[in-house]
Enquirer: 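Got a structure here, written out as structure tokens. Questions coming.
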Protein chains: 2
Amino acid sequence: MVTRDPDAKRRQLVQAALAEFAAHGIAGARIDRIAKAANCSAGLVYTYFGSKDDLFSAAFDSLIETVLEEAPITPDDLPEYAGKLFDGYEDHPEVARFLTWHRLESDPDRAPNAAAIASTADKIAAIEDAQRRGVLPEHLVPAELLGMILQISAVWTAATPEFGEAVAQYTRADRRRVVTDAVAALIRP
Amino acid sequence: MVTRDPDAKRRQLVQAALAEFAAHGIAGARIDRIAKAANCSAGLVYTYFGSKDDLFSAAFDSLIETVLEEAPITPDDLPEYAGKLFDGYEDHPEVARFLTWHRLESDPDRAPNAAAIASTADKIAAIEDAQRRGVLPEHLVPAELLGMILQISAVWTAATPEFGEAVAQYTRADRRRVVTDAVAALIRP
DNA sequence: CGTTGTCAAATGAATATTCATTCAATAGGC
DNA sequence: GCCTATTGAATGAATATTCATTTGACAACG
């Protein structure tokens with residue numbers, strides 16, 4: 001028999017929710033599908049999470065935790081940092097989709113994720129430090145540079161189908177080089 | 001009394017649909033709200049468009065038509081082109097939202113928008129031509145450069161709430177300069 | 001001029017389904 | 001036996017879609 005394990009069930013539900021929300025967003029997600037994917041009833045979702053929105057929020061927090069662990073910033077080699085972000089998007093396309101749904105759909109009154117804010121502040125500080133050490137040009141504003149790197153890394157995930165036609169034959173290595181080259185150009189002294 | 005004017009009513013419905021879909025996406029949009037905003041009954045939407053998905057598609061086509069007319073590419077001054085795109089996003093934030101919903105939600109089996117594909121090809125050709133005339137460095141691949149410019153222009157619309165905290169005090173002029181400077185750095189010989 | 005026939009535009013009230021959420025009842029492990 | 005996890009069957013509110021009917025414009029006709 002299956003032995004009961006509430007923590008494992010909770011994790012299963014979060015995993016299933018991540019996949020469902022990444023695919024369909026909040027409005028398009030179906031609690032039934034999430035429950036079925038986690039091998040339980042829809043009712044159990046409410047025992048654990050209370051509501052669809054709360055489940056989305058829990059899934060988001062879990063995703064942030066995972067994402068922040070991978071891809072630590074390497075301020076001495078920002079092109080490679082962007083490349084690592086690119087790798088993350090390629091290997092886990094559902095992450096970018098989920099984050100996009102989050103930006104579009106989540107309740108703006110909800111408190112923003114504290115870990116994400118702290119991590120952003122850390123990255124900006126790391127860039128400032130690299131400037132002080134002379135490995136990055138002084139004229140760049142750290143927060144702006146960081147924002148630009150994040151955006152550039154996602155250039156291929158954000159491409160429209162219409163644009164995709166123009167680059168259909170690109171290999172993954174090609175796409176990665178486009179990202180790292182762009183960041184290299186940005187930080188050229 | 002209100003005189004009947006089917007073309008005007010159709011345009012009203014498309015306008016209302018654009019606003020509703022930009023705000024809530026396909027799954028979150030409500031036909032009732034669209035009909036009310038266009039001063040007609042929900043049934044009329046089906047007389048004109050047949051289904052929610054078809055209405056979304058019609059709204060998308062209309063948006064593309066509008067967007068392509070504004071912001072013609074200026075290959076001799078790409079930083080300013082990016083600035084113009086930035087202006088468009090700032091003045092019409094619903095456009096970026098709508099396009100994002102489109103990327104996430106629209107049926108991949110639907111035929112891509114031919115005008116958008118043609119326009120992309122035109123822009124790439126314009127960049128190639130500028131390279132031939134010597135106003136742009138040869139080492140850049142036109143399609144890649146175009147994709148990068150489009151992505152960079154949208155850097156602020158794609159910023160997460162968490163990142164937004166780091167740049168809350170930025171003025172619009174600041175944000176625009178970040179965009180144009182980045183494109184200038186990209187095309188530096 | 002009025003009357004009337006015709007057709008498209010438009011309505012509003014069903015229809016029928018989908019879905020989040022609740023809850024009383026059951027089962028598992030200690 | 002007791003506590004918690006879990007179920008599965010309601011519930012009830014939305015909501016997309018259909019359709020029989022009404023309304024408005026317009027032109028043919030007397």
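Excluded from the calculations below are hydrogen atoms, water molecules and symmetry mates; all remaining heavy atoms, backbone and side chain alike, are included.
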Enquirer: Return the angle between end axes of the helix from C:dC1-D:dG30 to C:dC30-D:dG1, with five pairs used per end and rounding to 10°.
Expert: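 Nearest ten degrees gives 10° for this helix.
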Enquirer: What's B:Ala29 touching, base or sugar-phosphate or nothing? Going by heavy atoms closer than 4.0 Å.
Expert: sugar-phosphate
Enquirer: How many whole angstroms separate atom CD of B:Gln12 from atom C1' of C:dA10?
Expert: 13 Å
Enquirer: Could you check how far CG of A:Asp53 sits from P of C:dC19, rounded to whole Å?
Expert: 17 Å
Enquirer: State which residue, out of B:Lys36, B:Lys52, B:Arg97, B:Arg33, fulfils the salt bridge (Lys or Arg N to Asp or Glu O under 4.0 Å) condition with B:Glu20.
Expert: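 Output: one option passes, namely B:Arg33.
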Enquirer: Could you state the atom-to-atom distance from CD1 of B:Ile34 to P of D:dT15 in whole Å?
Expert: 12 Å
Enquirer: Rounded to the nearest Å, what distance is computed from the CZ atom of residue A:Phe49 to the P atom of nucleotide C:dT21?
Expert: 14 Å
Enquirer: With a distance cut-off below 6.0 Å to the six-membered ring centre and an angular limit of 45° from the axis, does B:Arg10 pair with B:Phe49 as a cation-pi contact?
Expert: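 Yes, a cation-pi geometry.
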Enquirer: So, does A:Tyr46 get its side chain near the phosphate of C:dT21, meaning an N or O under 4.0 Å from OP1 or OP2?
Expert: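 Yes, because at least one side-chain N or O of A:Tyr46 sits under 4.0 Å from OP1 or OP2 of C:dT21.
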Enquirer: To the nearest angstrom, how far is B:Arg30 atom CZ from C:dC19 atom P?
Expert: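 In whole Å, C:dC19 P lies 11 Å from B:Arg30 CZ.
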Enquirer: Rounded off to whole Å, could you give me the NZ-to-C1' distance for the A:Lys52 and C:dC19 pair?
Expert: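 So the NZ-C1' distance, A:Lys52 to C:dC19, works out to 8 Å.
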Enquirer: Looking at B:Gln131 and B:Leu140, would you say the former's side chain and the latter's main chain have a donor-acceptor pair under 3.5 Å?
Expert: yes
Enquirer: Is a side-chain N or O of B:Ser119 found less than 3.5 angstrom from the main chain of B:Ala115, in a donor-acceptor match?
Expert: no
Enquirer: Looking across every strand, which nucleic acid part, if any, lies under 4.0 Å from B:Ala38 by heavy atom: base, sugar-phosphate, or nothing?
Expert: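 Touches nothing.
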Enquirer: Got a donor-acceptor contact below 3.5 angstrom from the A:Lys123 side chain to the A:Ala118 backbone?
Expert: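 Flag not set: sc A:Lys123 to bb A:Ala118 has no pair under 3.5 Å.
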Enquirer: Among D:dA16, D:dT17, C:dA20, find the nucleotide with the atom closest to the side chain of B:Ser51.
Expert: D:dT17
Enquirer: Answer yes or no: is there a donor N or O on one side and an acceptor on the other, between the side chain of B:Thr100 and the main chain of B:Ala96, under 3.5 Å?
Expert: yes
Enquirer: Mark up nucleotides 6-13 of chain D, 5' to 3', with B wherever a protein heavy atom is under 4.0 angstrom from a base atom, S wherever such an atom reaches only the sugar-phosphate, and - elsewhere.
Expert: BBB-----
Enquirer: Counting distance only, does the side-chain N/O of B:Glu94 pair as donor-acceptor with the main-chain N or O of B:Leu18 below 3.5 Å?
Expert: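 No, because the side chain of B:Glu94 does not come within donor-acceptor range (under 3.5 Å) of the backbone of B:Leu18.
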Enquirer: Taking atom P of C:dT17 as reference, at what distance in whole Å does atom CG of A:Asp32 sit?
Expert: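 In whole Å, C:dT17 P and A:Asp32 CG are 17 Å from each other.
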Enquirer: Kindly list each side-chain donor-acceptor pair under 3.5 angstrom involving residues 141-163 of chain B, sequence neighbours excluded, with atom names and distances?
Expert:
{"from": "B:Glu144", "atom 1": "OE2", "to": "A:Tyr170", "atom 2": "OH", "distance (Å)": "3.1"}
{"from": "B:Glu144", "atom 1": "OE2", "to": "A:Arg177", "atom 2": "NH2", "distance (Å)": "3.4"}
{"from": "B:Gln151", "atom 1": "NE2", "to": "A:Gln151", "atom 2": "O", "distance (Å)": "2.8"}
{"from": "B:Ser153", "atom 1": "OG", "to": "B:Ile149", "atom 2": "O", "distance (Å)": "2.6"}
{"from": "B:Trp156", "atom 1": "NE1", "to": "B:Arg175", "atom 2": "O", "distance (Å)": "3.1"}
{"from": "B:Thr157", "atom 1": "OG1", "to": "B:Ala154", "atom 2": "O", "distance (Å)": "3.1"}
{"from": "B:Thr160", "atom 1": "OG1", "to": "B:Phe163", "atom 2": "N", "distance (Å)": "3.0"}
{"from": "B:Glu162", "atom 1": "OE2", "to": "A:Asn113", "atom 2": "N", "distance (Å)": "3.1"}

Enquirer: Would A:Ile73 end up clustered with A:Val95 when hydrophobic side chains under 4.5 Å apart are linked, directly or stepwise?
Expert: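 Unlinked, A:Ile73 and A:Val95 end up in two clusters.
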